[in-house]
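Note that the structure is a prediction, hence the values are computed from the model and not measured. Residue numbers start from 1 in every chain, and the chains themselves are labelled A, B, ... in the order their sequence lines are given, proteins ahead of strands.
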There are 2 protein chains.
Amino acid sequence: MKSVTRSLRVLEAVAQLQPVTVGELAKHFDLPKSTVQRTLVTLHEAGWLRASRGDTTRWEIGARVLAVRPAALQGSTLFAAAREPMMRLRDAVNETIHLSVLDGLQSMVVVDRADCDRAVRTFHQIGDTSPLHATAVGKAVLAHLRAHEVDEVLARGLPSYGEATVTDLDTLRAELEQVRRDGYAVNRNQYRTDVCAIAAPILERDGTPLAAVAVSMPDSRFDEDRLPELGRTVAETAAEITGRRLG
Amino acid sequence: MKSVTRSLRVLEAVAQLQPVTVGELAKHFDLPKSTVQRTLVTLHEAGWLRASRGDTTRWEIGARVLAVRPAALQGSTLFAAAREPMMRLRDAVNETIHLSVLDGLQSMVVVDRADCDRAVRTFHQIGDTSPLHATAVGKAVLAHLRAHEVDEVLARGLPSYGEATVTDLDTLRAELEQVRRDGYAVNRNQYRTDVCAIAAPILERDGTPLAAVAVSMPDSRFDEDRLPELGRTVAETAAEITGRRLG
DNA sequence: ATCTGTCGTGCCACATTGTGGAACGCTGTG
DNA sequence: CACAGCGTTCCACAATGTGGCACGACAGAT
C-alpha cells in the first residue's frame with residue numbers, strides 16, 4: 001500500500017520538520033508537490049495534522065496522535081516516573097541521558113532524553129531505533145528477557161556496525177551473563193563509532209524488561225576506571241524509576 | 001485517499017483495543033478480513049505496529065509513534081509534569097480527572113485521564129475531541145488566548161449541543177472574563193447532558209494556553225456551594241503542572 | 001508598472017494500486 | 001471425525017491514487 005506507507009513517512013517528516021510547508025516536504029522526499037499536498041490534506045482531514053497557528057500554509061502534528069500509544073505506556077507512567085530520576089542522573093554525571101523502550105523484540109526506540117550542557121555530546125533523535133545486540137540499552141534489556149525470547153532475537157543474527165560490534169553468539173551470551181551480575185550493560189563504539197553508553201534496565205513487576213536508561217558519551221570521555229562507579233549510579237537510577245512506576 | 005484514511009482509523013482502533021486480532025478489527029469496522037489484514041501488515045512494515053509479545057496474532061501499537069508528537073509537547077514534559085498532580089487531585093475529590101490539549105484553534109483533545117472509583121462516573125475516551133466554547137477545558141483555554149485568536153474561534157459560530165450551551169457571543173465573552181477573574185472555567189451540561197466539569201488552564205511561559213486539567217462529574221454530584229472551593233483546587237493543580245513543566 | 005521566480009493549489013487522463021470474495025491450512029472443540 | 005472459527009493467501013477487476021501541467025497569488029527586482 002504505497003499511499004499508506006508514504007503518508008506515514010510524511011507524518012514522521014512533519015514531526016521532525018514542523019512547522020513545515022508543502023514545498024519543503026516535496027523537496028525532502030523528491031516527490032511532486034501535488035502528491036505531497038494531497039497526502040497532507042488527507043492527514044489533516046483525519047485529524048492527525050493541523051495548520052500552524054502563525055502561518056496557515058505550514059503544517060504541524062495535531063494532538064490526535066497522543067491518543068495512540070503503546071499499551072505499556074498507557075497512562076504514561078513510564079515517562080512520569082522516569083523524568084526526575086533522569087534529570088538528576090544528568091546533573092550528577094553531566095552527560096546526555098536516554099530513555100529507550102523495547103519495541104516488540106525488534107529494537108529499542110529512544111523515547112525521552114535529558115541533554116547535558118557540554119559542547120561535545122552524543123545525539124540521538126527521539127524515535128530513533130537501534131538493535132538489541134549492539135547497544136547498551138539493548139543489552140540491558142536483552143539480559144533480562146526469557147531464554148526463548150533471547151534465542152528468538154539471536155536467531156535473527158548479529159549484524160555488524162563496525163569493528164567493535166560483538167558478532168559472536170557465545171561472546172554475547174557471556175556478556176549478557178556479566179550484565180546480569182553487574183546490573184548494567186556497556187557499549188563502547190559497538191553501534192555508532194565514537195559513541196559509548198552505560199545502561200540499566202527498567203523492569204515490570206514480574207521481571208520482564210520494559211525499557212532502559214542510559215548515560216551516553218563520546219569515546220573520548222569514556223573512563224574505564226570510573227566504569228564500576230558510573231554503572232552503579234545508572235543501575236540505581238533505573239531501580240528508582242522501576243520503583244516509582246510500580247508504586 | 002481511502003486507504004490512508006482507513007489505515008489511520010485502524011491505527012486508532014488498535015490503540016484502543018490492543019492487543020487486538022484481525023478478526024476483531026474486521027468486525028469492529030465491518031470490513032473484509034483481508035482488507036484489515038493488509039492494512040495491519042502495511043502499518044507493521046512501516047514500524048507503527050508490532051505483534052503482541054505473548055500472542056503473535058494480536059497486534060499492538062509500536063514504540064515508533066512516540067517519535068511523532070506535537071511540537072509543543074516535544075520532550076513529553078506535559079505528561080510527566082501532569083501525572084502526579086492529576087492523581088493527587090483525583091484522590092482529593094474522588095472524581096475523574098482529564099488532561100486535554102488545544103489542537104490548533106480547532107478543538108480540545110483528551111490526552112490523559114485519572115479515573116475515580118465511583119460506580120457512576122463520566123467517561124471520555126483518550127483522543128476524544130470537544131469544542132472550545134462548550135466545555136470547561138475549552139473555555140479555560142479560550143479565556144487565555146490572544147484577542148484575535150478568540151475572534152477567529154468565535155467567528156466560526158457557536159453550535160449548540162443542548163439547552164445549556166451558550167450560543168450568545170456577548171454572554172460567552174462575559175463568561176470568559178469571569179474565567180480570567182476566577183482562575184477556573186465551569187461547564188454544566190453544556191456539551192453532553194448530565195456531564196459537568198471544572199477546568200483550569202496550563203500555560204506556557206509567555207502565557208499562551210497549552211492545555212487544561214478538569215474535574216468532571218455527573219450533574220447529580222455538581223454542588224453549586226462547593227464550586228469556589230473546588231475551582232480553587234483545580235486551579236492550584238493546573239498551576240502546579242505549569243510550574244513543574246517549566247522547571 | 002511590469003516582469004520574473006516561487007509559492008500553494010486545482011485539474012484530469014491514465015494505469016497503477018488497492019479491493020474483497022473465495023479458498024486454504026491450522027487449531028481446538030463437541 | 002466433522003465442524004467452526006481463526007489468520008492468511010490469492011487474484012481478476014475496476015476503483016483509486018498518480019504526477020505532469022497550469023493557474024492565481026505574492027514578493028522582489030527592474
Side-chain angles (χ1 to χ4, degrees), chain A residues 1-62 71 103-106 148-149 152 156, chain B residues 1-62 71 104-106 148 152 156:
Chain A
M1 298 225 270
K2 207 163 148 189
S3 62
V4 173
T5 307
R6 190 174 43 220
S7 297
L8 294 173
R9 288 241 180 80
V10 168
L11 203 56
E12 290 164 11
V14 172
Q16 278 181 31
L17 306 172
Q18 64 186 323
V20 70
T21 64
V22 176
E24 286 164 10
L25 287 168
K27 267 177 207 149
H28 185 258
F29 287 110
D30 195 24
L31 279 172
K33 277 189 299 178
S34 54
T35 302
V36 174
Q37 160 86 344
R38 209 170 337 105
T39 305
L40 290 171
V41 170
T42 305
L43 291 170
H44 173 63
E45 282 167 354
W48 288 63
L49 291 184
R50 66 181 183 212
S52 176
R53 252 212 249 175
D55 181 346
T56 52
T57 66
R58 289 189 170 269
W59 297 90
E60 296 176 344
I61 298 295
D103 193 15
L105 289 174
Q106 301 301 311
H148 71 270
E149 292 175 326
E152 192 182 326
R156 287 197 292 261
Chain B
M1 299 225 269
K2 208 164 149 186
S3 63
V4 173
T5 306
R6 191 177 41 224
S7 298
L8 295 173
R9 288 241 180 81
V10 168
L11 202 57
E12 289 165 12
V14 172
Q16 280 180 30
L17 307 171
Q18 64 186 322
V20 69
T21 65
V22 177
E24 286 164 8
L25 286 168
K27 268 177 204 147
H28 185 258
F29 287 109
D30 194 25
L31 280 173
K33 276 190 299 179
S34 53
T35 302
V36 174
Q37 162 85 345
R38 208 167 340 104
T39 305
L40 290 172
V41 170
T42 305
L43 291 170
H44 173 63
E45 282 166 355
W48 288 63
L49 292 185
R50 66 182 184 210
S52 178
R53 249 211 254 177
D55 181 346
T56 54
T57 68
R58 290 189 170 268
W59 297 89
E60 296 176 344
I61 298 295
L105 290 175
Q106 302 300 311
H148 71 270
E152 191 183 327
R156 288 197 291 262

Please state how far atom [atom1] in [X] lies from atom [atom2] in [N], giving the value in whole angstrom units.
| X | N | atom1 | atom2 | value |
| --- | --- | --- | --- | --- |
| A:K2 | C:dG18 | NZ | C1' | 12 Å |
| B:Q37 | D:dG5 | CD | P | 19 Å |
| B:F29 | C:dG20 | CZ | P | 14 Å |
| A:R58 | C:dC7 | CZ | C1' | 11 Å |
| B:L40 | C:dG18 | CG | P | 15 Å |
| A:M1 | D:dA15 | CE | P | 19 Å |
| B:K27 | D:dG5 | NZ | C1' | 8 Å |
| B:D55 | C:dT27 | CG | P | 13 Å |

message = Assess, by modelled atom type and distance only, whether the side chains of A:S3 and B:S3 contain a donor and an acceptor separated by less than 3.5 Å.
response = yes
inquiry  = Looking only at the side chains, is there a donor atom on one of B:E12 and A:W48 sitting less than 3.5 Å from an acceptor on the other?
reply    = yes
Looking at [X] and [Y], would you say the former's side chain and the latter's main chain have a donor-acceptor pair under 3.5 Å?
| X | Y | answer |
| --- | --- | --- |
| A:Q16 | A:A13 | no |
| B:R58 | B:P19 | yes |
| B:T39 | B:T35 | yes |

query = A:T39 or B:V22: which one's nearest nucleotide on DNA chain D is closer to the 5' end?
reply = B:V22
5' precedence on DNA chain D between B:T57 and A:S3 (nearest-nucleotide basis) = B:T57
ask   = Between C:dT9, D:dG17, D:dG7, which nucleotide has the shortest distance from any of its atoms to the side chain of B:T21?
value = D:dG7
Provide a list of protein-nucleic acid N or O atom pairs under 3.5 angstrom, restricted to nucleotides 21-25 of chain C.
{"residue": "C:dG21", "atom": "O6", "partner": "B:S34", "partner atom": "OG", "Å": "3.0"}

ask   = Knowing that exactly one of A:L8, A:T5, A:V4 qualifies, which makes a side chain to side chain contact (heavy atoms under 4.5 Å, CB included) with B:S7?
value = A:V4
message = Just checking A:R9: does its CZ atom have more than 12 heavy atoms from other residues, nucleotides or ligands closer to it than 6.0 angstrom?
response = no
request  = Map A:W59 and A:V4 onto DNA chain C by nearest heavy atom, then report which one ends up closer to the 5' terminus.
outcome  = A:W59
